[in-house]
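Below you'll find the structure, written out as structure tokens, and then a few comments.
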Amino acid sequence: MNLIFLGAPGSGKGTQAARVKDRYGLPHISTGDILRAEVAQKTDLGREAQAVMESGRLVSDEIVLAMVKRRLDQEDCAAGWILDGFPRTRPQAEGLQGILAELDNDVDLGVLIQVEPEEVVRRLSSRRTCRDCGKIFRGEELAPDGAAVPAEGVCPACGGTYYQRDDDREETIRERLRVYEEQTRPVVDFYSDEDKVVEIDGSQPVDAVSDAVLSILRDRFGDRE
Ligand code: AMP
């Protein structure tokens with residue numbers, strides 16, 4: 001089962017991809033996570049990608065395609081995979097088809113999580129990430145009474161410090177949404193033309209979204225629990 005999760009930044013596709021990983025035991029490949037690890041380790045690639053990521057724009061197709069090709073060649077991907085945050089441009093989608101054709105493989109399904117842009121801004125601008133353990137928190141988890149979420153605070157998971165990622169600042173979020181409409185919407189069209197996209201209402205509570213996603217996967221691929 002080869003899946004791609006599509007949707008704007010902040011749609012919750014990463015959370016849903018992680019839940020599908022838990023259910024089906026497939027590797028969850030997030031190009032954003034791979035790039036953030038490169039930045040944290042200060043590799044050459046990380047140094048090159050950091051400024052682009054902080055501005056809300058996209059890292060080059062060549063870099064991301066090479067990263068994904070290396071990852072899909074690994075043994076744990078033989079039985080299937082979940083791609084999250086990739087492909088993000090039409091050339092990436094075409095590049096992926098090329099990589100998969102060589103492996104005699106294909107994308108089975110694109111899961112599109114739909115959320116309105118203003119909801120994305122609300123969600124992402126209140127999101128915080130722990131500097132120490134990397135865990136990501138929704139605003140509601142840190143300020144349950146609806147109060148404003150502080151820019152920095154104590155991580156409830158590890159006692160380290162959470163902070164606001166540069167790419168979760170409001171101006172950057174608006175830029176990321178613009179980039180999504182301009183560059184990633186054509187990717188949705190690319191897979192829709194092949195009749196491979198299912199749409200899920202991502203404005204529902206997170207468990208309801210998972211139920212919808214898992215029920216579609218169960219219908220199409222069976223339940224491997
Ligand atoms: P994400 O966590 O998926 O929202 O990714 C964070 C940032 O990493 C994005 O805003 C881009 O700068 C970069 N990035 C992640 N995936 C890709 C991709 N497939 N193509 C280009 N840039 C990417």
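Atom set for the values below is all heavy atoms of this structure, side chains included, hydrogens, waters and symmetry mates excluded. Nothing fancy with the numbering, it's 1 onward along the sequence. Order of appearance sets the numbers: ligands from 1, and atoms from 1 within every ligand.
Listed as neighbours of ligand 1 are Thr31, Gly32, Leu35, Arg36, Met53, Arg57, Leu58, Val59, Val64, Gly85, Phe86, Arg88, Gln92, Asp167, Arg176, each bearing a heavy atom under 4.0 Å from the ligand.
Residues forming a salt bridge (Lys or Arg N to Asp or Glu O under 4.0 Å) with Glu102 (at least two apart in sequence, or on another chain): Lys69. Applying the side chain to side chain contact (heavy atoms under 4.5 Å, CB included) rule to Arg123 yields the partners Val115, Glu119; only residues at least two apart in sequence or on another chain are considered.
Thr43 and Glu38 share a donor-acceptor pair across their side chains, judged by distance under 3.5 Å alone. Under 3.5 Å, the side chains of Arg71 and Gln74 contain a donor-acceptor pair of N or O atoms. For the 3.5 Å distance criterion, the side chains of Gln114 and Ser11 fail to qualify, holding no donor opposite an acceptor.
A salt bridge (Lys or Arg N to Asp or Glu O under 4.0 Å) check over residues 178-187, counting only residues at least two apart or in different chains, returns the pairs Glu175-Arg178, Arg178-Glu182, Glu181-Arg185.
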